[in-house]
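Residue numbering restarts at 1 for every chain, and letters A, B, ... go by the order of the sequence lines. Values below: all heavy atoms of this structure, side chains included; hydrogens, waters and symmetry mates excluded.
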2 protein chains.
Amino acid sequence: MTRVVNRLPSLPIERALKTISGRWKAVILYHLMDGPKRLSALQRLLPQISQKVLVQQLRELEEHRLVDRKVFGQVPPRVDYSATPLGLSLQPIMLALCEWGTHHARELDESR
Amino acid sequence: MTRVVNRLPSLPIERALKTISGRWKAVILYHLMDGPKRLSALQRLLPQISQKVLVQQLRELEEHRLVDRKVFGQVPPRVDYSATPLGLSLQPIMLALCEWGTHHARELDESR
DNA sequence: CTGTATCCGTGCCGATACTG
DNA sequence: CAGTATCGGCACGGATACAG
């Protein structure tokens, strides 16, 4: 496994968009907004994602400091994922995006 | 050339993100925010994009009603691209994203 | 000037199987 | 329970050439 730096764009808006676009990132973040969750919990909340992809998206979110990963040294293993302050700071934006999304859907339906 | 419906996700936030994420869409929209532009003008503003991709991104923006395409029946041809009301309604969100992007960059740099 | 057509690399998922 | 390994499809973006 090779470590890749995966540098984000320098243009602010591109940077912002790149950090939160990813097939499941928004939804994952949404679920982490109301408290830490274990991997298994996220799997139950998002049955459509394969485990590999879920972990993958979490890793990227972690790399960009939107999500924190806390490992408890136990057997059986336990790992908690939670939104960082930086991740939480996205809440208003995500809300706005959500509203705009519904607005957009309504507008498009009207023109048919 | 086959017509593809390219249906957007139904979950509002995914829909919103999908409509505006695309390698150059945000920047293109940004430039169209302050008035209509011809294709050649956009090419000058965005020298990094190949013409094919530029047109491609514009077509998708048009399909999603963020951009309007106005053809003047002339020789030589003239086409103006402009932001629709729906496109303009993204302005506050794009601004927020932009601010968040800079904020994010600062935060990451601090932890080094 | 405003586009298509073609060809192609690579990155993002996704399914499935296996592991500590 | 919380992961990795492997393989593969396919959409996305990019370079380049051609066309009305």
S.K.: Closer than 4.0 Å, any side-chain N/O of B:Arg59 to the OP1 or OP2 of C:dT4?
M.R.: yes
S.K.: Out of curiosity, does A:Leu32 fall in the hydrophobic cluster containing A:Phe72 (side-chain heavy atoms, cut-off under 4.5 Å, transitive links)?
M.R.: no
S.K.: Only one of A:Asp80, A:Val79, A:Leu61 clears side chain to side chain contact (heavy atoms under 4.5 Å, CB included) with A:Arg69; which?
M.R.: A:Val79
S.K.: Do any pairs count as a ring pair (Phe, Tyr, Trp, His ring centres under 6.0 Å) and have a residue in residues 10-34 of chain A, sequence neighbours left out, and if so which ones?
M.R.: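 Counting only pairs at least two positions apart or across chains, no ring pair (Phe, Tyr, Trp, His ring centres under 6.0 Å) contact touches residues 10-34 of chain A.
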S.K.: Could you state the CG-P distance from B:Leu58 to D:dG13, rounded to the nearest angstrom?
M.R.: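 Checked: the CG to P distance equals 13 Å.
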S.K.: Scan nucleotides 18-20 of chain C against the protein and return all N/O pairs shorter than 3.5 Å with their distances rounded to 0.1 Å.
M.R.:
none

S.K.: Tell me the interatomic distance from A:Phe72, atom CZ, to D:dG3, atom C1', rounded to whole angstroms.
M.R.: 17 Å
S.K.: Using the C1' atoms of five pairs at each end, what's the angle between the two axes of the helix from C:dC1-D:dG20 to C:dG20-D:dC1, to 10 degrees?
M.R.: 40°
S.K.: Between B:Gln74 (CD) and C:dG3 (P), how many Å, whole number?
M.R.: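 The distance from CD of B:Gln74 to P of C:dG3 comes to 13 Å, rounded to the nearest Å.
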S.K.: Determine whether B:Leu108 and A:Arg15 make a side-chain contact, defined as any pair of heavy atoms from C-beta on separated by less than 4.5 Å.
M.R.: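 B:Leu108 vs A:Arg15: side chains touch.
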S.K.: Quick check: do B:Glu62 and B:Asp68 have side-chain heavy atoms less than 4.5 Å from each other?
M.R.: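 No - every pair of side-chain heavy atoms lies 4.5 Å or more apart.
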S.K.: Applying ring pair (Phe, Tyr, Trp, His ring centres under 6.0 Å), name anything that partners B:Trp100, two or more places apart in sequence or on another chain.
M.R.: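 Partners of B:Trp100 under the ring pair (Phe, Tyr, Trp, His ring centres under 6.0 Å) test: B:His104.
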S.K.: Where do N or O atoms of nucleotides 13-15 of chain C meet protein N or O atoms at under 3.5 Å, pair by pair?
M.R.:
| residue | atom | partner | partner atom | Å |
| --- | --- | --- | --- | --- |
| C:dC13 | OP1 | A:Arg23 | N | 3.3 |
| C:dC13 | OP2 | A:Arg23 | N | 3.2 |
| C:dG14 | OP2 | A:Trp24 | NE1 | 2.6 |
| C:dG14 | N7 | A:Lys52 | NZ | 3.3 |
| C:dG14 | O6 | A:Lys52 | NZ | 2.5 |

S.K.: Between atom CZ in B:Arg78 and atom P in C:dC1, what is the gap in whole Å?
M.R.: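 My rounded result for the distance is 13 Å.
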S.K.: Check step by step if side chain to side chain contact (heavy atoms under 4.5 Å, CB included) holds for B:Leu29 and B:Met94.
M.R.: CA-CA 10 Å; B:Leu29 231 77; B:Met94 290 185 47; 3.9 Å; yes
S.K.: With a 4.5 Å cut-off on side-chain heavy-atom distances among I, L, V, M, F, W and Y, is there a chain of contacts connecting B:Leu46 to B:Val53?
M.R.: yes
S.K.: Could you tell me how far apart A:Tyr81 (OH) and D:dC1 (P) are, to the nearest whole angstrom?
M.R.: 14 Å
S.K.: Less than 4.5 Å apart, any side-chain heavy atom of A:Leu39 and any of A:Gln43?
M.R.: yes
S.K.: Could you tell me whether the side chain of A:Lys25 reaches within less than 4.5 Å of the side chain of A:Ile20, counting heavy atoms only?
M.R.: no
S.K.: For DNA chain C, which residues in residues 38-47 of chain B have a heavy atom at a distance below 4.0 Å?
M.R.: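 Only B:Arg38, B:Leu39, B:Ser40 qualify.
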S.K.: Is there a side-chain contact between B:Leu88 and B:Met33, using heavy atoms and a 4.5 Å cut-off?
M.R.: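 In short, these two side chains touch, coming nearer than 4.5 Å.
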S.K.: Could you state the atom-to-atom distance from CD of B:Glu63 to P of D:dC12 in whole Å?
M.R.: 11 Å
S.K.: To the nearest Å, give me how far apart CG (B:Leu54) and P (C:dG3) are.
M.R.: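 To the nearest whole Å, that distance equals 9 Å.
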S.K.: Should A:Leu66 and B:Ile93 be counted in the same cluster of Ile, Leu, Val, Met, Phe, Trp and Tyr side chains packed under 4.5 Å apart?
M.R.: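 Yes.
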S.K.: Does some side-chain heavy atom of A:Ile13 sit less than 4.5 Å from a side-chain heavy atom of B:Val27?
M.R.: no
